[in-house]
Amino acid sequence: MPTLASASTVDSAALADCAARLEPARLRRDVALAPYTTIKIGGPADLLYEPDSADDLARAVTAARETGTPWFLMGLGANILIADRGIRGLVIRNRARHFQFHDDGRLWAESGAVMAELIPEAVNRGWSGLEHYIGIPSTVGGAVWQNLHFLSPAPARERTMLIEEVFESAELLTAEGTRRVATREDMKFAYDYSILHDRPDIALSVTLKLERGDPAVMHRILQENLSWRGGKHPWLEYHPSVGSIFKKIEGVGAGRLIDQVGLKGHRLGGAQISHIHANIFVNLGGATAADVRALIRLAQQKVEAETGYRIETEIAMVGDFGAT
Ligand SMILES: Cc1cc2nc3c(=O)[nH]c(=O)nc-3n(C[C@H](O)[C@H](O)[C@H](O)COP(=O)(O)OP(=O)(O)OC[C@H]3O[C@@H](n4cnc5c(N)ncnc54)[C@H](O)[C@@H]3O)c2cc1C
């Protein structure tokens with residue numbers, strides 16, 4: 001399983017230089033990351049920084065790059081599995097949450113803005129396009145990284161709607177350290193994919209283009225989508241998860257394959273394949289990243305052996321997993 005930010009050691013002088021360039025009030029050391037993920041798993045970050053503006057975010061990434069400190073940027077931690085040994089170097093938890101609605105339907109948002117806050121604001125202002133994604137934990141940056149998607153609108157649910165449909169542009173901090181505006185074409189969106197998967201660029205802010213909508217219709221979609229999710233997915237408040245573990249297999253469904261090989265409800269340590277949705281693994285309490293990885297391997301091996309399908313993870317594995 002490929003991992004991000006996988007360093008197992010870090011140069012302490014580089015770390016000290018990096019720390020010295022960050023705003024002390026927003027910097028902490030040796031911080032357990034589990035509480036900042038939706039699955040409540042993950043060891044410590046050497047440094048945890050919480051920028052509160054896009055400029056502050058850019059400064060933090062630049063400080064890490066210029067001091068040679070390994071770094072990782074996270075949003076709500078809803079699509080990542082962090083190693084039990086944590087992440088070496090600097091973890092940046094994006095709290096840059098300013099946003100602004102414009103009269104022509106454009107919504108500018110810093111990349112740490114949270115969808116759960118933007119969606120009701122948009123609906124109340126009569127702007128349509130975001131309501132489909134209600135109930136999905138995500139920052140705007142995470143949504144763009146992954147091309148957030150959902151089967152909507154109700155009742156037909158005939159197609160997967162993608163955040164790229166309302167995406168207009170993003171201001172990126174590139175790997176080379178420049179700030180530039182990327183268009184939809186530049187982002188090379190696909191299912192579960194944007195160019196951010198393959199370049200160490202980060203999104204500082206995003207401009208979305210919304211359409212005028214009927215508030216009654218939007219409220220109906222909000223209610224229907226929340227109810228649909230509530231009935232089909234384990235409830236995050238009680239059963240922490242990262243949503244779907246495996247990528248969709250068109251016309252088959254990774255969850256259905258896992259169900260077919262008899263693994264629904266299977267438990268390893270504190271991690272369990274959900275009883276109600278086999279593509280979602282839940283933390284029953286005290287689950288480790290190692291438990292989840294072992295469950296992933298078991299599902300992959302059994303599904304391939306018994307059905308011939310290869311199921312691939314859609315979540316990012318982040319941090320010091322060592323040789324496991
Ligand atoms: C209960 C549940 C249900 C879910 N349902 C859905 C669903 O229906 N549809 C769906 O698409 N997803 C779903 N997900 C997955 C998840 O919500 C999305 O992938 C979401 O976009 C993750 O956002 P985040 O802010 O938490 O990103 P994180 O998980 O924190 O980060 C994910 C990746 O994005 C990168 N990233 C974050 N911000 C930036 C940035 N500003 N610039 C560059 N890279 C960045 C990170 O480095 C990391 O590699 C679900 C998850 C849960 C827990």
Side-chain angles (χ1 to χ4, degrees), residues 2-6 33 36-42 51 54 57-58 60-61 71-82 87 90-97 109-118 132-152 157 160-164 170-175 182 187 189-206 225-226 228-230 232-248 274 276-277 279-283 313-319:
T3 50
L4 301 171
S6 57
L33 294 170
Y36 304 118
T37 68
T38 55
I39 195 167
K40 307 298 175 210
I41 291 175
L57 168 60
V61 172
W71 60 279
F72 177 72
L73 170 62
M74 65 186 286
L76 296 185
N79 206 29
I80 56 178
L81 180 68
I82 296 179
I87 305 180
L90 173 68
V91 172
I92 303 168
R93 181 168 173 252
N94 192 356
R95 309 264 298 168
R97 293 185 169 178
E110 289 182 332
S111 55
V114 175
M115 295 296 285
E117 195 179 341
L118 297 181
H132 309 287
Y133 308 102
I134 191 75
I136 308 177
S138 186
T139 58
V140 167
V144 168
W145 187 81
Q146 185 72 2
N147 198 8
L148 197 71
H149 49 81
F150 190 57
L151 209 54
S152 185
R157 299 194 191 283
T160 299
M161 308 196 74
L162 303 156
I163 203 76
E164 66 168 292
E171 189 190 10
L172 302 183
L173 178 69
T174 67
M187 297 300 289
F189 287 114
Y191 189 83
D192 275 346
Y193 181 83
S194 76
I195 192 69
L196 299 178
H197 282 237
D198 289 324
R199 283 185 55 84
D201 297 348
I202 61 155
L204 296 174
S205 64
V206 174
N225 283 8
L226 283 171
W228 192 87
R229 300 188 78 86
K232 292 204 182 287
H233 291 181
W235 285 24
L236 201 52
E237 294 77 3
Y238 298 101
H239 293 106
S241 79
V242 279
S244 295
I245 293 275
F246 297 104
K247 290 180 186 163
K248 166 171 112 168
S274 166
I276 60 168
H277 194 313
N279 198 6
I280 297 179
F281 294 8
V282 294
N283 179 354
T313 48
E314 74 158 60
I315 57 168
M317 310 277 167
V318 191

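By convention here, the first residue in the shown sequence is residue 1. One-based numbering, in listed order, for ligands and for the atoms of each. Because the structure is a prediction, the values reported are computed rather than measured.
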Please examine the side chains of [Y] and [X], heavy atoms only from C-beta on, and report whether any two atoms are closer than 4.5 Å.
X	Y	value
Ile280	Ser241	yes
Asn79	Trp145	yes
Val61	Ile202	yes
Leu73	Leu57	yes

Which of the atoms in ligand 1, numbered in the order shown and given with their element, are less than 4.0 Å from a heavy-atom of [X]?
X	value
Leu196	43 (C)
Met74	30 (O)
Ala143	21 (O)
Ile202	42 (N), 43 (C)
Leu76	24 (P), 25 (O), 26 (O), 30 (O)
Phe150	8 (O)
Val242	51 (C), 52 (C), 53 (C)

Please list the nearest protein heavy atom to [atom] with its residue and the distance rounded to 0.1 Å.
atom	value
atom 32 (C) of ligand 1	Ile80 CG2, 3.8 Å
atom 42 (N) of ligand 1	Ala203 N, 2.9 Å
atom 26 (O) of ligand 1	Ala78 N, 2.9 Å
atom 25 (O) of ligand 1	Thr139 OG1, 2.6 Å
atom 11 (O) of ligand 1	His149 N, 3.0 Å
atom 20 (C) of ligand 1	Ser138 OG, 3.3 Å
atom 13 (C) of ligand 1	Ile136 CG2, 3.5 Å
atom 46 (C) of ligand 1	Leu73 O, 3.2 Å

For [atom], the option (of [options]) bearing the nearest heavy atom:
atom	options	result
atom 22 (C) of ligand 1	Leu236, Asn79, Ile280	Asn79
atom 35 (C) of ligand 1	Trp145, Trp71, Phe72, Tyr36	Trp145
atom 16 (C) of ligand 1	Gly243, Ser111, Pro137	Pro137
atom 28 (P) of ligand 1	Pro200, Gly77, Gly142	Gly77

What class does the angle between the rings of His277 and His233 fall in, given that below 30° is parallel, 30 to 60° is tilted and above 60° is perpendicular? perpendicular
Check: [Y] main-chain N/O paired with [X] side-chain donor or acceptor under 3.5 Å:
X	Y	answer
Asn283	Pro240	no
His149	Tyr191	no
Ser138	Gly142	no
Ser194	Val144	yes
Ser244	Phe246	no
Asn147	Phe189	no

I'd like to know if the side chain of Tyr193 pairs up with that of Asp198 as donor and acceptor (distance under 3.5 Å, no hydrogens or angles considered). yes
Does the side chain of Ser111 pick up a donor-acceptor pair with the side chain of Asn94 at under 3.5 Å?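 Short answer, yes.
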Rounded at 0.5 Å granularity, tell me how far CD1 in Ile80 sits from CD1 in Ile315. 9.5 Å
Arg229: heavy atom below 4.0 Å from ligand 1, yes or no?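 Judged by the 4.0 Å heavy-atom criterion, Arg229 does count as contacting ligand 1.
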Whether Tyr133 lies under 4.0 Å from ligand 1, heavy atom: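 No heavy atom of Tyr133 comes that close to ligand 1.
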Give yes if a backbone or side-chain nitrogen or oxygen of [X] is under 3.5 Å from a nitrogen or oxygen of ligand 1, and no if not.
X	result
Ser241	no
Asn147	no
Gly75	yes

Under 6.0 Å between ring centres, would you say that holds for Phe150 and Trp228?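 Yes - the distance between ring centres of Phe150 and Trp228 falls below the 6.0 Å cut-off.
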Please classify the Gln146 to ligand 1 contact at 4.0 Å (heavy-atom distances, strictly less than): side chain, backbone, both or neither.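 It is the side chain that touches ligand 1; the backbone stays farther off.
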